[in-house]
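Each remark here refers to the structure printed beneath this line.
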Amino acid sequence: MKKKLMNVLLHRDQHRCRFPGCTASRGLEAHHIRFWLHGGRTDVTNLLVLCERHHRLVHKRGFRITGTATEPRFYQPGGILIPEAGPPTEGTATALNSINAALVIDENSLTPTWGGERLDPTPLLLRLLPEPAPPQPADEAA
């Protein structure tokens, strides 16, 4: 690949790996969304930048990329879509400590309070499962 094309890709992809949640800015490589062997073109519309690690996941571990270079979609080997990740959080340890100042962390923080009794899944299920639809009124015309 020509250096000029790689420079264009790096500029467009902000010198970062495009894999969701990755912020790697070193070891970047161009990747064909539609593989070159399958007729994929070597141009900016079919290329994006991946770090070495994510490039290996695509080529050797069954991860897939579909879509376009400007709107790629990433999939795990089982076909599960990997959602877009927001920008990495920023800040300092001091800011993190002040945000969480109300938390008490001591020698008992990691001590479990569960005594081995049977777990009641009801509170968890009520939070995770959607509420059932309200019953529909019977059609009086029937």
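Because only heavy atoms are used, hydrogens play no part in the values below, and waters and symmetry mates are left out as well, while side chains stay in.
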Can you measure from [atom1] ([X]) to [atom2] ([Y]) and round to the nearest 0.5 angstrom?
X      : Y      : atom1 : atom2 : value
Phe35  : Ile65  : CZ    : CD1   : 7.5 Å
Thr92  : Asn97  : OG1   : CG    : 8.5 Å
Asp43  : His32  : CG    : NE2   : 8.0 Å
Leu126 : Leu128 : CG    : CG    : 9.5 Å
Met6   : Leu28  : CE    : CG    : 6.0 Å

State plainly whether one hydrophobic cluster holds both Leu9 and Ile33, where clusters connect Ile, Leu, Val, Met, Phe, Trp and Tyr through side-chain heavy atoms under 4.5 angstrom apart.
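The answer is no; the residues belong to distinct hydrophobic clusters.
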For residues Leu81 and Phe63: do they belong to one hydrophobic cluster (side chain heavy atoms under 4.5 Å, members Ile, Leu, Val, Met, Phe, Trp, Tyr)?
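Unlinked, Leu81 and Phe63 end up in two clusters.
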Write down the atom of Arg18, the atom of Ala69, and the distance for their closest heavy-atom approach.
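Result for this residue pair: NH1-O, 2.9 Å.
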So which heavy atom on Arg16 is nearest to which on Thr23, and how close?
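Minimum heavy-atom contact is NH1-O, 2.7 Å.
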Leu48 backbone acceptor or donor facing Asp13 side chain under 3.5 Å:
no
Tabulate below the donor-acceptor pairs under 3.5 Å that side-chain atoms of residues 72-79 make, not counting sequence neighbours, or state none.
none

Solution key, residues 49-56 side-chain donor-acceptor pairs under 3.5 Å, sequence neighbours excluded:
residue, atom, partner, partner atom, Å
His55, ND1, Glu29, OE1, 2.5
His55, NE2, His31, ND1, 3.2
His55, NE2, His59, NE2, 3.2

Trace of the side chain to side chain contact (heavy atoms under 4.5 Å, CB included) decision for Lys3 with Asn7:
CA-CA 6 Å; Lys3 186 173 179 144; Asn7 286 336; 3.9 Å; yes
